[in-house]
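First the structure, in the form of structure tokens, and then the observations on it.
Note that the structure is predicted; figures quoted are calculated from it, not measured.
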Amino acid sequence: MKIIILASILLLSLNSFAGLYFEPAITYEKGDNTLDWPSPFSSSTGTTEGLGLDLKLGLAVESTFFAGVDASYSKPKFKNSANNYDAWATSQTIGVIVGAQMPIIGLRIWGGYILDGNLDPDQDGNIDVKFSGASGPKIGIGFKIFIVSANLEYMDLTYKTSTLQNAGPISGTLDSELKNKVALFSLSMPLTF
């Protein structure tokens with residue numbers, strides 16, 4: 001019974017200091033990736049680059065610490081060297097974050113982990129590929145002035161599943177993991193209620 005009373009007091013006192021954390025952002029990403037293609041291609045390098053949106057949603061304690069979920073959506077250009085693949089893609093990720101901010105100075109830092117995501121380039125010529133099951137760390141640093149924060153984030157993603165939706169001249173299966181190292185610049189509005 002004492003544990004229940006203590007837990008109730010702790011939750012009520014934490015609730016008086018905690019608030020809703022909401023941070024929408026516009027992003028620009030630039031990524032470098034590697035992939036092993038089946039015959040007649042081989043190992044390749046590539047890039048992703050484009051605009052997107054990001055939303056962090058969770059709880060903030062005393063406007064200093066925050067934790068929650070982090071979801072992003074973007075439309076980068078996907079390029080790959082092995083077969084000159086060059087097409088627009090749709091990218092989505094979801095993960096968790098924990099961070100801290102100094103309200104007076106404006107410095108913000110956070111870290112987290114991407115739990116799932118996909119990258120689906122449009123068809124180029126007669127080849128169409130899709131990558132899913134993304135996971136990996138995500139870290140960030142930002143500087144807030146008034147209500148706007150300029151941020152720099154980094155993700156090191158591994159897509160566990162690579163699917164050839166249309167193989168074209170490729171023979172065999174695409175059983176390689178896409179590895180994508182992504183830098184993101186964003187402008188966001190971190191808000192607590």
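- Phe65 and Ile109 fall into different hydrophobic clusters, where Ile, Leu, Val, Met, Phe, Trp and Tyr are joined by side-chain heavy atoms under 4.5 Å apart, directly or via other members.
- Evaluation of the salt bridge (charged side-chain N to carboxylate O under 4.0 Å, His left out) rule for Lys181 yields Asp156 as partners, not counting sequence neighbours.
- Residue Leu55 comes nearest to Phe22 through the heavy atom pair CD1-CE1, 3.5 Å, listed as atom of the first residue, atom of the second, then distance.
- The hydrophobic cluster containing Tyr28 also includes Leu51, under a criterion of side-chain heavy atoms closer than 4.5 Å among ILVMFWY residues, counted directly or through chains of members.
- Rounded to the nearest 0.5 angstrom, Met155 CE and Asp70 CG are separated by 8.5 Å.
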Apply side chain to side chain contact (heavy atoms under 4.5 Å, CB included) to the pair Asn151 and Arg108, showing each step before the final yes or no.
-> CA-CA 9 Å; Asn151 313 301; Arg108 311 169 63 234; 3.2 Å; yes
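- The side-chain heavy atoms of Leu152 and Leu184, taken from C-beta on, include no pair separated by under 4.5 Å.
- Linking ILVMFWY side-chain heavy atoms closer than 4.5 Å, directly or via other members, places Met189 and Leu59 in two distinct hydrophobic clusters.
- Partners of Tyr154 under the side chain to side chain donor-acceptor pair (under 3.5 Å) rule, at least two apart in sequence or in another chain, do not exist in this structure.
- From Leu187, atom CG reaches atom OG1 of Thr27 across 10.0 Å, with rounding to the nearest 0.5 Å.
- Salt-bridge check for Lys77 with Glu49: failed, with every basic side-chain N at 4.0 Å or more from each acidic carboxylate O.
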Full working for side chain to side chain contact (heavy atoms under 4.5 Å, CB included) between Asn84 and Asp86 | CA-CA 6 Å; Asn84 295 319; Asp86 187 348; over 6 Å; no
Could you go through the side chain to side chain donor-acceptor pair (under 3.5 Å) check for Glu29 and Ser74 one step at a time?
-> CA-CA 8 Å; Glu29 70 179 72; Ser74 63; 2.8 Å; yes
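- The nearest pair of heavy atoms linking Glu23 to Ser188 is OE2-OG, 2.6 Å.
- In this structure Asp54 satisfies the salt bridge (charged side-chain N to carboxylate O under 4.0 Å, His left out) test together with Lys56, Lys138, sequence neighbours excluded.
- A distance of 7.0 Å separates CG of Leu191 from CD1 of Ile147, quoted to the nearest 0.5 Å.
- A continuous path of Ile, Leu, Val, Met, Phe, Trp and Tyr side chains, each step under 4.5 Å between heavy atoms, connects Leu57 with Phe193, placing both in one hydrophobic cluster.
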Distance-only criterion, 3.5 Å: show the donor-acceptor pairs between side-chain atoms of residues 130-137 and protein atoms not counting sequence neighbours.
{"residue": "Ser135", "atom": "OG", "partner": "Lys160", "partner atom": "NZ", "Å": "3.2"}

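- Using a 4.5 Å cut-off between side-chain heavy atoms of Ile, Leu, Val, Met, Phe, Trp and Tyr, Tyr21 falls into a hydrophobic cluster with Phe66, Ile97, Trp110.
- Applying the salt bridge (charged side-chain N to carboxylate O under 4.0 Å, His left out) rule to Asp36 yields no partners; only residues at least two apart in sequence or on another chain are considered.
- Under the side chain to side chain donor-acceptor pair (under 3.5 Å) criterion, Thr90 pairs with Lys75, sequence neighbours left out.
- Cluster partners of Val98, using a side-chain heavy-atom cutoff of under 4.5 Å among ILVMFWY residues and allowing indirect links: none.
- The OG1 atom of Thr158 lies 12.0 Å from the CD1 atom of Ile114; values are rounded to the nearest 0.5 Å.
- Under a hydrophobic clustering in which Ile, Leu, Val, Met, Phe, Trp and Tyr are joined whenever their side-chain heavy atoms come within less than 4.5 Å, directly or via other members, Tyr159 and Leu164 fall into the same cluster.
- Residues passing the side chain to side chain contact (heavy atoms under 4.5 Å, CB included) test with Asn33, sequence neighbours excluded: Thr48, Phe78, Asn80, Leu178, Asn180.
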Can Thr47 and Asp32 be said to form a side chain to side chain donor-acceptor pair (under 3.5 Å), step by step?
-> CA-CA 5 Å; Thr47 60; Asp32 292 312; 5.9 Å; no
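- Not counting sequence neighbours, Gln123 has no partner by the side chain to side chain donor-acceptor pair (under 3.5 Å) test.
- In this structure, the separation between CD on Gln92 and CG on Leu53 is 11.5 Å, given to the nearest 0.5 Å.
- Contacts of Phe146 classified as side chain to side chain contact (heavy atoms under 4.5 Å, CB included), with partners at least two apart in sequence or in another chain: none.
- Side-chain N/O atoms of Thr93 and Ser72 include a donor and acceptor closer than 3.5 Å.
- To the nearest 0.5 Å, the span separating OG1 on Thr192 from CG on Leu20 amounts to 8.5 Å.
- Counting heavy atoms from C-beta on, the side chains of Pro121 and Trp88 never come closer than 4.5 Å.
- Residues Leu35 and Ser162 share a closest heavy-atom pair of CD1-OG, 4.1 Å.
- Hydrophobic clustering (side-chain heavy atoms under 4.5 Å, transitive across Ile, Leu, Val, Met, Phe, Trp, Tyr) groups Met102 together with Ile141.
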